[in-house]
Amino acid sequence: MLDIKLIAADAEEIKKIISQRDPSYGAMIDQAAVLNAEYKKILARAEELRSKRNELSKHVGVLRRDKPAEAEKIMAEVTDMKNEMAEKETSLEEFKKKIENLLLNIPNLPHTTVPAGKNETENKEVRRVGAVPNFNFKPLDHHAVGEKLGILDFETAATLSGSRFSLLRGDGAKLERALINYMLDMHAKNGYTEIAPPAVVNENILVGTGQLPKFREDMYALEGEPKQFLISTAEIPLTNLNRGKILPAESLPLKYVACTPCFRKESGAYGKDTRGLIRNHQFDKVELVMISDRQKSFECLEIMTANAEAVLSGLGLAYRTVLLCTGDMGFSSAKTYDIEVWMPSENKYREISSCSDCTDFQARRMNLRCKTENGKPEFVHTLNGSGVAVGRTLAAILENCQTSDGSVLVPPALVPYFGKDKITSK
RNA sequence: GGAGAGGUGGCUGAGUGGUCGAAAGCGGCGGUUUGCUAAACCGUUAUACUGGUUAAUUCCGGUAUCAAGGGUUCGAAUCCCUUCCUCUCCGCCA
């Protein structure tokens, strides 16, 4: 959520910046500015009335004993004010709600270092790491590799749950477990505290991180009241972990890591990546979250991105890191790096991690602050990044480490976790 | 699921209709004392919004906030209703 004060101070400037994402947001900024001006007028009058009422009522107690007639007069006077007071109160509520609804649907301001652009074609490659493998045979895609080995079974998954679900069997299931432990151990060494959070959260938690109100159709909702949802990423519980608190400055940055299942409806992705592990309704992801003060957050973003990259380089997978342009960034983010892993079957890099600095956008929504040097609380900056998507990593290993005889060589870093260095069919 | 207790400031904990934004203690901050440390003593100590003022989040006002929402009243932390949450005991259960 943007600070309404920023909009009130210079709506034109904010419009200019936000329009780099999408020009249609400009009108919403204008509306917010107009509503806010109106709101303040009403607020002034409402507070004047309340002030008068408080002043009058203060003396009634004493007057009642000493001068009952005067007390009666004052009581009547206050009663007369009630209509206007009630009217102002309701209209205040209405304006507040309208403004908040607008603000909740406006995305974060892109950071000045983010390139302007409409879509992913205007993203900027920052670096390319690792050698793309050379095959002296035609590499199979990961579902073919996995199904031949009997470790991936999409047919059974479909029977159980429909399309876009996966089932891992035997060495496949074990390899996923090995990957998770490898990732969690690495991040723990880098100072992240491991968390095992709930995968079900309340509605306001999703407002905090920005999934609601705008992206309700992407979320799995549970039956019943109060409304609860399955998380689409561990970013949600991790970032909300301290919501409403004032954190001591010296505790920052807070660093959390969790591996959770993630549930996504993928309703806008008809026909995209319909086979395999790339885009499913349920997948495991290791997620990193940092809570930083506002001075250091962009440094933290570099560190977090490096921490995520280390997972891939540790596995010997080739990847590149891309700085997203204004038009391709997520709703809450001010600056995002995507990490893309090489997928031989597609002959291109595919997203496997996304690391974002959300500045104070989420912190304001969840009222998460820290004490500053002068003792005043201020909103923190929140960051999140995949460290990394487990299913996609599994897919990348199957593709990049396949051999001509159909077996898969397990990356050396995983061998201690997996127990052997090769997956062969039974 | 059944029975009971309770939710007050950074924390502990008073306060059952009228100078209560809220006693007291702890903690924090500033200071005095002091070879050093400790102790003692004095002072100070919420947040948001808002009007004016300022170099300033400077200063002076106002409003709101005692789990959340609604109601009663001239006036609510205090009374009533609803919801949420926490704790204890019993039952059930991986």
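The basis for the numbers below is simple: all heavy atoms, side chains too, and nothing from hydrogens, waters or symmetry mates. The chains referred to below are lettered A, B, ... by the order of the sequence lines, with proteins before strands, and numbering in each begins at 1. Computed from a predicted structure; not experimentally measured.
Nucleotide B:rC92 has no partner under the Watson-Crick or G-U criteria, as no pair reaches both atom distances under 3.5 Å. The partner of B:rG9 cannot be assigned: no Watson-Crick or G-U wobble pair with both contacts below 3.5 Å exists in any strand. With a cut-off of 3.5 Å on both Watson-Crick or G-U wobble distances, the partner of B:rG51 is given as B:rC60. Using N1 to N3 plus N6-O4 or O6-N4 for Watson-Crick, or N1-O2 and O6-N3 for G-U wobble, each under 3.5 Å, B:rU73 pairs with nothing. Base pairing analysis places B:rU33 opposite nothing; no Watson-Crick or G-U wobble pair with both distances below 3.5 Å involves it. Within the shown strands, nothing qualifies as a pairing partner of B:rA38 under the Watson-Crick or G-U definition with both distances less than 3.5 Å. B:rA14 is unpaired under the Watson-Crick or G-U wobble criterion, no partner having all donor-acceptor distances under 3.5 Å. Here B:rA23 sits opposite no nucleotide as a Watson-Crick or G-U wobble pair (both hydrogen-bonding atom distances under 3.5 Å).
Only the C1' atoms considered, B:rU19 is 15 Å distant from B:rA76, to the nearest whole Å. Rounded to whole Å, the separation between the C1' atoms of B:rU86 and B:rC60 comes to 42 Å. Taking atom P on both B:rU32 and B:rC49, the two are 36 Å apart, rounded to the nearest angstrom. The separation of B:rU65 from B:rA22, taken at their P atoms, amounts to 14 Å, rounded to a whole angstrom. Taking atom P in both B:rG10 and B:rG28, one finds a spacing of 16 Å when rounded to whole Å. The gap from the C1' atom of B:rU44 to that of B:rC26 amounts to 16 Å, rounded to the nearest Å. B:rG2 and B:rC92 have their P atoms separated by 15 Å, given to the nearest Å. Across the P atoms, B:rA14 and B:rA24 are found 15 Å apart, a figure rounded to whole Å.
Between A:Asn54 and B:rA64, a side-chain N or O to OP1/OP2 separation shorter than 4.0 Å is present. Phosphate proximity of B:rC49 to A:Lys5: present, with a side-chain N or O under 4.0 Å from OP1 or OP2. For the OP1/OP2 pair of B:rG75 and a distance below 4.0 Å, the side-chain nitrogens and oxygens of A:Lys82 include at least one atom meeting the criterion. An OP1 or OP2 oxygen of B:rU50 is reached within less than 4.0 angstrom by a side-chain nitrogen or oxygen of A:Lys40. A sub-4.0 Å separation between OP1 or OP2 of B:rA64 and a side-chain N or O of A:Arg53 is present.
Atom CD in A:Glu100 sits roughly 17 Å away from atom P in B:rA48 (whole-Å rounding). One interatomic measurement links the two molecules: NZ of A:Lys227 to P of B:rC84, which rounds to 15 Å at whole-angstrom precision. Put simply, NZ on A:Lys58 is 20 Å from P on B:rG17, counting in whole angstrom units. In this structure, A:Leu368 atom CG and B:rU47 atom P are separated by 16 Å, rounded to whole Å. Look at NZ on A:Lys96: it is 9 Å from C1' on B:rA48, rounded to the nearest Å. One atom, CG of A:Asn202, and another, P of B:rC84, lie 12 Å apart when rounded to the nearest Å. Spacing between atom CG of A:Asn83 and atom P of B:rC74 amounts to 14 Å, rounded to whole angstrom units. As a whole-Å value, the separation of A:Glu89 CD from B:rG70 P is 10 Å.
Side-chain polar atoms of A:Ser354 and A:Asp338 form a donor-acceptor pair below 3.5 angstrom. A:Glu235 and A:Thr209 share no side-chain donor-acceptor pair at under 3.5 Å. Inspection of the A:Thr239 and A:Asn384 side chains reveals no N or O donor paired with an N or O acceptor under 3.5 Å.
The residue among A:Ala44 and A:Glu93 whose nearest nucleotide of RNA chain B lies closer to the 5′ end is A:Ala44. Where A:Ala46 and A:Ile74 meet RNA chain B, the nucleotide closest to each residue was compared, and A:Ala46 sits on the side nearer the 5' end.
Note on A:Arg45: nothing from the nucleic acid sits closer than 4.0 angstrom, heavy atoms only. Residue contacts for A:Leu43: at a heavy-atom cut-off of 4.0 Å it reaches the sugar-phosphate backbone alone, with no base atom in range.
You'll find that the side chain of A:Pro377 is closest to B:rU47, out of B:rG62, B:rU47, B:rG18. Taking only side-chain atoms of A:Val60, from C-beta outward, the nucleotide of B:rU47, B:rC49, B:rG18 with the closest atom is B:rG18.
Seen from the ring of A:Tyr220, A:Lys265 counts as a face-on cation partner, given the 6.0 Å and 45° thresholds. Cation-pi contact between A:Lys15 and A:Tyr25: absent, since separation from the ring centre below 6.0 Å together with deviation from the ring axis within 45° is not met.
Within the 4.5 Å cutoff, no side-chain heavy atoms of A:Glu378 are placed close to those of A:Arg369.
The OG atom of A:Ser353 lies 7.5 Å from the CD atom of A:Glu351; values are rounded to the nearest 0.5 Å.
Between A:His381 and A:Phe298, the ring planes are perpendicular. Angles over 60° get that label, and only those under 30° would be called parallel.
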